[in-house]
Amino acid sequence: MKVLSIYGKFGDSQLLIGEQIGNLKKYLPDRKIIVITDTNLNRLYGNRFSQFPVIVVEAGEKTKTLETLSFIISRLIELGADRHSFLVGIGGGVVCDITGFVASVFMRGIDFGFVSTSLLSQVDASVGGKNGVNFLSYKNIIGTFNQPQFVICDTEMLQTLPPEEIRSGFGEIIKHALIADEELFAEIIDNQQNILAFNQSFFTDLVYRNVQIKATIVNRDEKESGERKKLNFGHTLGHAIEKHSDLSHGEAISIGMMFSAHLSAKKGYISQQDVEKIKMLLNNLGLPTSTNIDRKKLADAITKDKKRNSDFIDFVMIKKIGEAIVERISIDELKTDILNYE
Ligand code: NAD
């Protein structure tokens, strides 16, 4: 097991990569513990946490709503939760995002931790203290910054993850490589056999390196006033695509990253050859790089991006593979680029 830390303004977070769900108890305080999980995790791993009261939500993105928040809070009250209770979210990004949010607002905030179970949540969603729910058609528009006390990334649990969810996780992994780690990008190209064969030690190392990238950025800029914006690479168009399709988060940002790579080339930062290299890797990993969604719908969705700052958006591009740059681009320019994007 390897341990990394995030030093948050209101508390630190221990990130335990390669730790196992069987050791969860070691990290729990001697208080009332309540588990929040989804239907899939409860079916597959419910026997590993049956000693605790469990609140089960439906699996999937549609669960990230205020209605689910109300449901969980009603159940917490029924279970006699109080200000000293401790919540454990066991699941992927959806369970972690909603558990962190419930813990932040229930009784004005109670302590919480995660067992992060999907590749996407281990490398990204469960790390960094952002949480929240979607509202109307706006993604993650309600939420807080609040660090979990611990995040257990049990890479053995990835073995039960459906292949499409492994693919989705690679969306965020390639994002990290593109914005911060050229070597990681090259290694993923060279290790496609280990990926396809699900080599456990390769995956544990991969999760560790990704958590390291994210934790380093979050430690420098927890509240996204500067450097953390780089983590939004591919997400402006990606979120618009998620809104208008059934694609997973990783798939949607894969297409978003391709668009951002094209813009990076258009601005003269990277070569057309780099763009092709990125496209080939994403395709080899089974990720989509284009969409038929009506460009007008996507351009309109951009105007509703929560990262918009009046008529501008801080848009993330890559200066080269392994280095990101954030540039203020007018919404009108971005809309035109999207309308003309093939
Ligand atoms: P998810 O939580 O819906 O998990 C994907 C699917 O895999 C679900 O059906 C889940 O039940 C299943 N699953 C999870 N772990 C499993 C396991 N070990 N075995 C079998 N099945 C398992 O989605 P996700 O891809 O983990 O996360 C996506 C969410 O994360 C999105 O809502 C996105 O907005 C959010 N996110 C948040 C942040 C952040 O910083 N807070 C960053 C990136 C993404």
Side-chain angles (χ1 to χ4, degrees), residues 6 8 13 15 20-21 36-46 48 56-65 68 89-101 104 114-135 138-148 151-173 175-176 198 203 207 210-211 213-215 217-218 222-224 228-235 238-239 241-243 246-254 256 287 306-307:
I6 286 182
S13 190
L15 314 166
Q20 293 175 328
I21 189 172
I36 299 176
T37 192
D38 74 19
T39 42
N40 290 333
L41 270 304
N42 195 44
R43 178 171 42 82
L44 291 164
Y45 296 98
R48 311 264 187 107
V56 184
V57 299
E58 278 302 316
E61 184 68 25
K62 290 198 169 69
T63 285
K64 266 177 62 171
T65 61
T68 305
I90 302 181
V94 167
V95 166
C96 293
D97 276 8
I98 195 142
T99 302
F101 186 46
S104 303
F114 296 145
V115 178
S116 180
T117 65
S118 73
L119 183 61
L120 190 140
S121 73
Q122 293 189 0
V123 299
D124 192 356
S126 63
V127 174
K130 273 192 191 178
N131 59 59
V133 295
N134 307 325
F135 184 69
Y138 297 87
K139 216 171 126 80
N140 300 330
I141 193 121
I142 304 172
T144 69
F145 284 96
N146 194 6
Q147 299 294 342
V151 182
I152 291 177
C153 296
D154 182 345
T155 48
E156 270 181 31
M157 293 175 84
L158 299 178
Q159 283 174 15
T160 53
L161 202 60
E164 65 271 21
E165 299 301 339
I166 295 279
R167 278 202 294 276
S168 179
F170 270 98
E172 298 287 11
I173 290 170
K175 176 195 80 179
H176 285 150
F198 193 77
F203 269 80
V207 171
N210 277 271
V211 172
I213 291 170
K214 181 145 185 196
I217 294 177
V218 172
E222 187 184 15
K223 290 269 178 86
E224 201 171 306
R228 189 168 181 168
K229 290 181 182 162
K230 291 178 180 170
L231 292 169
N232 297 326
F233 180 65
H235 280 58
H239 280 163
I241 290 169
E242 260 186 295
K243 196 180 289 182
D246 285 330
L247 292 178
S248 68
H249 184 70
E251 288 172 326
I253 69 149
S254 172
L287 285 163
K306 70 174 183 302
K307 303 210 167 70

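This one's a predicted model, so the numbers in the text were calculated from it and none came from an experiment. All values below come from the heavy atoms of this structure, side chains included, with hydrogens, waters and symmetry mates left out. Note that ligands are numbered from 1 as they come in the structure, with each ligand's atoms numbered from 1 the same way.
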My understanding is that we take every heavy atom of each candidate and find the minimum distance to atom 4 (O) of ligand 1. Doing that for A59, G250, G92, which one comes out nearest?
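Looking at heavy atoms only, G92 sits closest to atom 4 (O) of ligand 1.
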Which one of L120, V123, D97 has a non-hydrogen atom at the shortest distance from atom 37 (C) of ligand 1?
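Minimum heavy-atom distance to atom 37 (C) of ligand 1 goes to D97.
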With heavy-atom distances below 4.5 Å as the criterion, would you say the side chains of [X] and [Y] are in contact?
X	Y	result
N131	I98	no
L247	E242	no
L15	V127	yes
E251	L287	yes

Distance-only N or O hit between ligand 1 and [X], under 3.5 Å:
X	value
T160	yes
G91	no
L158	no
L41	no
D124	no

Can you tell me if [X] contacts ligand 1 (heavy atom of the residue under 4.0 Å from the ligand)?
X	result
K214	yes
Q159	no
E242	no

I'd like to check which ligand 1 atoms, numbered from 1 as shown, lie under 4.0 Å from a non-hydrogen atom of [X].
X	answer
D38	10 (C), 11 (O)
E61	31 (C), 32 (O)
E172	43 (C)
L161	7 (O), 13 (N), 14 (C), 15 (N), 16 (C), 17 (C), 19 (N), 20 (C), 21 (N), 22 (C)
N140	34 (O)

Taking heavy atoms and a distance under 4.0 Å, where does K130 meet ligand 1: side chain, backbone, both or neither?
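Both backbone and side chain.
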Specify side chain, backbone, both or neither for L44, according to which of its non-hydrogen atoms lie closer than 4.0 Å to ligand 1.
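The part of L44 near ligand 1 is the side chain, not the backbone.
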May I ask you to check whether over 12 heavy atoms, not counting those of Y138, lie within 6.0 Å of atom OH?
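At most 12 heavy atoms, drawn from other residues, nucleotides or ligands, come within 6.0 Å of this atom.
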Hey, could you give me the CZ/CD1 distance between F203 and I166, rounded to the nearest 0.5 Å?
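Taking CZ in F203 and CD1 in I166, the distance rounds to 5.0 Å.
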Residues 117-124, side-chain donor-acceptor partners within the protein, below 3.5 Å, at least two apart:
{"from": "T117", "atom 1": "OG1", "to": "G91", "atom 2": "O", "distance (Å)": "3.2"}
{"from": "T117", "atom 1": "OG1", "to": "G92", "atom 2": "N", "distance (Å)": "3.3"}
{"from": "S118", "atom 1": "OG", "to": "S121", "atom 2": "N", "distance (Å)": "3.0"}
{"from": "S118", "atom 1": "OG", "to": "S121", "atom 2": "OG", "distance (Å)": "3.2"}
{"from": "S121", "atom 1": "OG", "to": "S116", "atom 2": "OG", "distance (Å)": "2.7"}
{"from": "S121", "atom 1": "OG", "to": "S118", "atom 2": "N", "distance (Å)": "3.4"}
{"from": "S121", "atom 1": "OG", "to": "S118", "atom 2": "O", "distance (Å)": "3.3"}
{"from": "Q122", "atom 1": "NE2", "to": "S116", "atom 2": "O", "distance (Å)": "2.8"}
{"from": "Q122", "atom 1": "NE2", "to": "D154", "atom 2": "O", "distance (Å)": "3.1"}
{"from": "D124", "atom 1": "OD1", "to": "K214", "atom 2": "NZ", "distance (Å)": "2.5"}
{"from": "D124", "atom 1": "OD2", "to": "K175", "atom 2": "NZ", "distance (Å)": "3.2"}

What protein heavy atom is closest to [atom], reported as residue, atom name and distance in Å?
atom	result
atom 15 (N) of ligand 1	T117 OG1, 2.7 Å
atom 34 (O) of ligand 1	K139 NZ, 2.8 Å
atom 38 (C) of ligand 1	A125 CA, 3.4 Å

